[in-house]
Amino acid sequence: SSDKSEDSKGDGKLEKVTYLTSFGNFGRDAYAWVAKEKGFFKEAGFDVDIKSGQGTGGNIGLVVSGKADFTPVDLTGALLQVGKGEAKDFVAVAAIQQRTMAAIFSTEGKGIATPKDLEGKKVADTAGSVVRLLFPTYARLAGVDASKVQWPNGEASALMGMLGSGAVDGIGQFVVGKPTVEAVTKKKAVMLPYSDVMTDLYGNVLITSSKLAKEKPDMVKRFSEALLKGLDYSLANPAEAGDMLKKNEPTANPQSAAAELQLMEAFVRSAGSGAKAGTLDSQRVARCIALLQGAGSIPAGLTPEQIVDFNLTPKA
Amino acid sequence: MTEIRSAPRRTSDASTPRGARPARTTDAVRTLVPPLLGLVVTIAVWWLVTEVELVHPMALPPPQDVLSAFTASSDRLIEQTTLTATETLIGFGLSTVAGVLIGLLLAGSRFAARMFSPLLVAVNSVPKIALAPLLVVTLGWGQPPILTMVFLLCFFPIVLATATGLTTTPAELAELARSLDASWWQAFRKVRLPAALPQIFVGLKVAMPLAAIGAVMGEFQAGEGGLGYEIVQSLGIGDSPTAWAAILLIALFSILLYAVLTLLERLALPWVRATTSAR
Amino acid sequence: MTEIRSAPRRTSDASTPRGARPARTTDAVRTLVPPLLGLVVTIAVWWLVTEVELVHPMALPPPQDVLSAFTASSDRLIEQTTLTATETLIGFGLSTVAGVLIGLLLAGSRFAARMFSPLLVAVNSVPKIALAPLLVVTLGWGQPPILTMVFLLCFFPIVLATATGLTTTPAELAELARSLDASWWQAFRKVRLPAALPQIFVGLKVAMPLAAIGAVMGEFQAGEGGLGYEIVQSLGIGDSPTAWAAILLIALFSILLYAVLTLLERLALPWVRATTSAR
Amino acid sequence: MIRLSGVSRTFSGRSGTVEALRGIDLDVADGEFVAILGRSGCGKSTLLRIIAGLLPATDGLVSVAGEPVTRARQDIAMLFQRPALLPWRSVLDNVLLPVELFGWRRAKHRARALELLEMAGLGGFEKRLPHELSGGMQQRVSLCRSLVGNPRVLLMDEPFSALDALTRQELSVELQRVHMENRSTIVFVTHSIDEAVLLADRVVVLSPRPGRLRKVVDIDIPRPRTLGRNDHLEEVARCSADLHELLMERERPDAAPESGRASLVEPPRAQAEDLATAGKGQ
Amino acid sequence: MIRLSGVSRTFSGRSGTVEALRGIDLDVADGEFVAILGRSGCGKSTLLRIIAGLLPATDGLVSVAGEPVTRARQDIAMLFQRPALLPWRSVLDNVLLPVELFGWRRAKHRARALELLEMAGLGGFEKRLPHELSGGMQQRVSLCRSLVGNPRVLLMDEPFSALDALTRQELSVELQRVHMENRSTIVFVTHSIDEAVLLADRVVVLSPRPGRLRKVVDIDIPRPRTLGRNDHLEEVARCSADLHELLMERERPDAAPESGRASLVEPPRAQAEDLATAGKGQ
Ligand SMILES: Nc1ncnc2c1ncn2[C@@H]1O[C@H](COP(=O)(O)OP(=O)(O)OP(=O)(O)O)[C@@H](O)[C@H]1O
Ligand SMILES: Nc1ncnc2c1ncn2[C@@H]1O[C@H](COP(=O)(O)OP(=O)(O)OP(=O)(O)O)[C@@H](O)[C@H]1O
Ligand SMILES: [Mg+2]
Ligand SMILES: [Mg+2]
């Protein structure tokens with residue numbers, strides 16, 4: 001990405017930027033397409049190339065190695081990477097979801113209505129997932145005996161089928177997966193969002209490389225503003241956003257995309273915190289870190305400033 | 001003595017009695033009926049399994065659903081198939097060239113063979129999904145990482161088959177080449193390679209379906225289209241019929257490419273069928 | 001005429017001059033040095049690539065990190081390796097038996113071959129990740145789905161190699177069996193199978209690393225331990241050095257199993273080396 | 001024992017067809033020893049393959065022991081022109097292959113196999129693999145293999161071609177012994193006229209491409225016969241000369257089987273029920 | 001041209017060692033035609049392989065044209081005991097293989113190859129694949145292949161073993177012609193005494209296992225020679241008888257090379273610079 005158009009706005013040469021979706025091209029990631037379609041990026045002076053992401057680990061790798069400039073990743077996952085000392089070369093510059101969308105899903109008729117009902121049940125998720133990783137903490141906070149819950153493995157793509165066929169009683173899944181769960185199982189979904197008990201935990205945050213943040217803070221700010229504008233617009237007009245996604249991504253299903261966006265709204269505009277979309281609070285980030293340290297997932301000593309560049313985050 | 005024509009089992013030589021002309025159509029029938037029958041049986045079993053709900057439709061949707069998913073977006077799916085098939089073919093072509101060259105190297109030098117074989121086995125035994133981040137990070141998106149994935153998945157059978165073929169030249173032919181003081185390259189080109197071709201074709205036939213998988217896996221990670229991308233997207237929104245339509249399209253073009261390969265083998269190596277006995 | 005001993009290139013027969021006793025150690029050196037050299041070169045290149053930051057340590061951690069990740073949890077990793085290697089071995093064994101039997105069926109009947117070959121190609125060309133839901137849903141967790149995954153990944157080379165080997169018996173040996181009025185089974189056991197063994201071994205050698213991948217992939221989906229589980233787990237929490245330690249352990253035991261297979265081949269088929277020429 | 005009538009064989013390949021045999025009529029009596037002489041490529045091996053049931057005739061009838069030939073039989077042993085040894089089996093195991101395939105007891109026939117190998121001058125080589133043997137040694141292993149099953153009918157395709165004169169002579173004697181003891185019927189392809197005269201009751205001469213019956217010559221010399229040292233030198237010389245002349249004859253312009261050949265055929269031998277019928281058509 | 005001194009060869013395998021050749025001393029003059037006779041398995045093929053540089057001697061010195069043999073040379077053609085045809089090449093292409101390998105122009109030698117095939121009675125079979133030929137036809141293709149390069153030295157391992165008398169005779173005549181025209185040196189392994197006497201200037205008789213030089217017999221009959229029709233019937237008969245006797249001789253108890261053999265060796269031929277030195281040691 002060249003820095004020629006540092007000051008150009010809307011006209012002249014557009015700055016080329018590569019943006020990665022969080023994972024694939026689903027409704028939850030439609031806002032980037034919306035920002036592009038509605039011209040928000042262009043107005044900010046960007047020509048954005050949107051690529052399909054691979055999830056937290058892969059996306060961080062692509063950003064730190066300079067293959068992509070921006071991408072949303074799960075903050076918990078990002079903290080884990082930093083905690084392991086793996087990736088020091090990226091910073092978060094905006095929040096996408098104020099609260100984590102991680103949840104345990106079940107369906108009606110399996111006798112799960114509250115967290116407590118999970119005891120003696122089987123919940124499947126991928127081996128390294130955040131849902132699985134944070135479950136002990138969740139269980140503690142929700143008053144569940146974690147040792148009484150079985151956590152078999154499952155490939156991401158296999159989880160729905162496992163739940164549907166009754167092989168397991170629950171699966172780890174983002175809350176936006178609700179329509180899919182219901183479509184697949186043909187039953188009403190029961191959702192136990194982690195955010196119910198872990199209110200501090202952020203969901204996805206927008207990251208960029210430390211280098212970019214340091215060298216072109218202005219450009220980073222402009223980008224995240226444009227993206228957040230798209231996010232706002234998508235949440236306000238989910239149906240239109242779904243159509244825009246479909247237009248760019250023929251494999252997408254506009255209805256389910258719209259449904260995802262509607263579900264996502266509550267997590268982006270956190271009712272509890274009342275914060276403006278995109279803000280990151282140092283205190284909350286510190287509490288997230290503490291949470292993970294409490295779960296023994298990362299060593300002590302990590303500070304919020306190591307992972308978030310608070311100079312660049314949108315201010316409330 | 002009765003008028004029974006002596007007719008033992010068919011031998012390897014082309015021993016068709018003269019005057020048996022109208023064999024053309026029967027031949028076509030004989031070639032096509034069994035695979036079609038296989039197809040019908042497969043679909044019937046599939047239908048039955050889903051009909052009695054042995055497996056959940058999310059895991060394996062019934063054939064009729066897959067069919068309607070296909071017709072619903074046939075244009076797009078066919079486009080994706082073309083893309084993936086092209087990638088498969090290009091990747092397979094490159095892998096063949098590279099694989100044969102590596103095989104050649106291993107066959108040419110015992111030292112190289114000893115030095116690199118473990119490495120090749122290692123690369124081949126690493127689950128390719130684990131390499132995905134590395135691929136995209138170093139190669140970005142689009143063709144390069146996808147073709148690399150194809151190569152990583154299918155090079156090994158080709159290398160091994162080539163090396164084995166080239167190092168098991170019948171002693172009498174190798175001795176002939178030596179007696180004519182053939183250079184290494186001449187012996188390779190005129191004797192070892194032709195002698196190794198049947199073996200190499202086995203490698204290619206093993207590699208062909210792997211190449212298709214490679215293309216799909218590449219698309220999982222680095223694709224911007226293609227059947228692999230289609231599968232990820234469809235599974236993500238719980239649309240397993242479309243995912244299965246994509247899976248079947250992969251299977252279908254693999255079968256086609258495999259058949260072409262088999263035909264090619266038959267045309268290129270008539271002598272093999274004549275000097276060996278199938279049944 | 002000078003006192004130069006006539007010494008053309010080594011021929012296939014065991015033509016070691018007598019009195020060359022202390023060859024034992026030199027032989028060991030000759031066998032072990034090249035692979036070790038290969039290892040050293042590989043690690044050096046790896047180190048260099050990470051040292052000059054050609055790729056980010058996230059995608060490919062430097063060797064020293066991987067080593068310390070290994071030492072940090074060596075006990076657990078070795079345990080996981082044992083588990084995965086055991087699964088690989090069992091799965092490979094079962095696949096060998098099943099693969100040879102299927103190959104036998106295809107070799108035995110042209111009809112069966114025509115009917116099922118496309119199906120086998122299809123199964124082989126389906127990306128196995130796409131089959132994951134089906135596997136876990138129908139087979140649950142633990143050994144059954146893992147072994148099935150191993151089978152799905154590695155049966156094809158074995159089947160194809162067996163079928164090819166059995167249908168390309170040298171015509172003169174097949175004719176001999178026929179002239180002795182051998183039954184199908186006798187011809188198979190006494191002539192076709194031994195003649196096909198070199199070919200089958202190539203299939204096994206291709207299948208061996210695939211079996212390891214199969215075990216790992218199976219663990220991705222349905223594992224409750226093992227290196228596959230370890231990889232997913234480590235990658236999930238961003239611990240790529242441990243993931244790479246696991247990947248290298250897979251590679252390592254694959255190389256080992258492959259070497260055992262090669263040795264077995266050499267012991268079982270001494271006649272192949274004698275009747276063919278390697279260089 | 002063996003009855004061929006009007007047997008023809010044509011090979012068709014990409015580069016045209018070859019008529020290997022045309023209208024062969026031949027009856028071989030039980031216990032008879034027939035030698036087949038003919039130029040290289042005239043269809044001798046093809047003829048043996050047809051009798052052995054390994055190759056279908058494109059025309060004509062073949063029967064052995066009254067039954068039409070449709071496949072190979074265990075009581076017919078075929079010795080191929082090339083040794084066709086299994087490269088992974090030791091010499092002894094190669095010889096015992098028929099025993100195993102016939103479902104006989106290996107242990108029982110091991111002694112016989114070793115005896116045959118000894119007789120063939122291969123004592124001490126039992127445990128070697130075929131590739132460790134010389135060409136002639138391989139041929140002798142193949143000979144032992146064809147004898148080990150005590151076949152009723154022996155079809156031998158140039159069994160002594162790679163052997164030296166002394167070995168040839170020793171094995172000829174042995175073959176005659178086997179023939180007389182077992183009363184087996186033997187069809188023996190050779191390029192050596194001496195060998196044919198020494199061993200055969202009748203010698204069949206084939207004409208070159210397409211192979212037709214050129215002439216059948218009876219050899220009426222009492223057995224056992226030995227080279228050089230017998231009282232029938234004159235007879236031997238006459239037969240040899242006849243055969244030599246037949247073989248040396250350049251192809252006729254018309255290339256049709258000689259019609260007047262019957263004159264040379266000797267009257268039927270007492271023990272043979274089936275007469276040699278040599279001629280075009282029947 | 002070819003000089004062997006004290007050449008020995010031992011094969012060692014799993015099942016023990018075989019001493020194939022022991023202390024062979026032999027000089028073959030430029031343009032000389034030497035036949036090698038010996039019992040099956042006595043080491044004839046091994047000897048040719050050693051001269052051709054295909055097999056190292058375990059002991060002794062081998063040189064061709066003054067240079068020690070360390071590998072095969074293009075001016076030495078080897079005709080193997082088995083035809084060793086490339087199964088994927090047509091007959092013509094098989095014959096042209098040496099031409100291609102020597103980097104000569106194919107087009108230039110095509111006519112010569114076709115001529116050789118015609119001479120060998122294979123006209124019309126140029127485009128066929130080897131498996132469509134009879135055993136003898138394959139052997140003839142192999143013969144044509146060994147002749148097409150006009151080699152200075154021809155090593156022939158039983159080239160006529162699978163051929164009938166007439167073809168043998170025709171090809172012998174042709175071989176003599178090639179030998180006289182090209183002045184090539186020929187070492188010719190055969191089992192036929194007649195052939196040896198007809199073709200060779202000297203006949204080397206090897207004793208069986210281990211192969212040692214039993215005797216070298218000079219044949220001093222003027223060329224060109226023909227079977228039967230020459231003025232030296234007596235000489236031919238004498239040589240044949242000698243050779244026959246040598247071959248038929250049972251192995252001696254001591255199996256050591258005969259020391260008195262020099263008496264039978266005739267005085268050196270005028271044109272040969274190198275003398276045959278037959279004897280143990282040097
Ligand atoms: N590759 C080998 N390994 C072990 N022994 C061998 C090998 N080649 C030849 N021999 C042995 O060496 C001896 C001589 O073999 P060679 O082929 O030279 O005989 P030959 O004189 O050509 O016999 P023939 O007339 O039967 O062809 C034989 O006893 C044989 O067993
Ligand atoms: N499989 C085949 N395909 C095509 N032609 C064949 C085949 N086998 C034999 N022939 C042809 O049939 C003819 C007779 O071959 P056959 O092997 O019977 O000859 P033969 O008399 O045994 O000769 P030889 O003495 O050289 O062994 C030859 O012209 C040969 O080219
Ligand atoms: Mg023949
Ligand atoms: Mg020999």
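Note that these values count all heavy atoms, side chains included, but never hydrogens, waters or copies made by symmetry. Order of the sequence lines sets the chain letters (A, B, ...), proteins ahead of strands, with each chain counted from 1.
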Exercise. Are the side chains of C/Glu265 and C/Lys205 in touch, meaning some heavy atoms are under 4.5 Å apart?
Worked result: yes
Seminar exercise, completed: Checked D/Ile76, D/Leu86, D/Leu155 vs chain C; the most non-hydrogen pairs under 4.5 Å come from D/Leu86
For this session: Against chain C, label D/Glu100 side chain, backbone, both or neither, depending on which of its atoms sit under 4.5 Å from a heavy atom there.
Result: both
Exercise. Just checking, any donor-acceptor pair under 3.5 angstrom between side chains of D/Asp25 and D/Ser5?
Worked result: no
Seminar exercise, completed: With chain D, the option among C/Ala195, C/Ala187, C/Ala177, C/Ser183 that has the most non-hydrogen atom pairs under 4.5 Å is C/Ala195
Exercise. Is chain C contacted by the side chain of D/Ala84, its backbone, both, or neither, given a heavy-atom distance below 4.5 Å?
Worked result: both
Exercise. In terms of side-chain heavy atoms, does C/Gln199 have a donor or acceptor partner in C/Thr168 at a distance below 3.5 Å?
Worked result: no
Problem set entry | Residue D/Arg73 versus chain C: region with a heavy atom under 4.5 Å | backbone
Problem set entry | D/Leu101 versus chain C, the contacting section by heavy-atom distance below 4.5 Å | both
For this session: Would you kindly say whether D/Glu32 and D/Thr185 are connected by a side-chain donor-acceptor distance under 3.5 Å?
Result: no
Exercise. Are the aromatic rings of D/His131 and C/Trp271 close, with centres under 6.0 Å apart?
Worked result: no
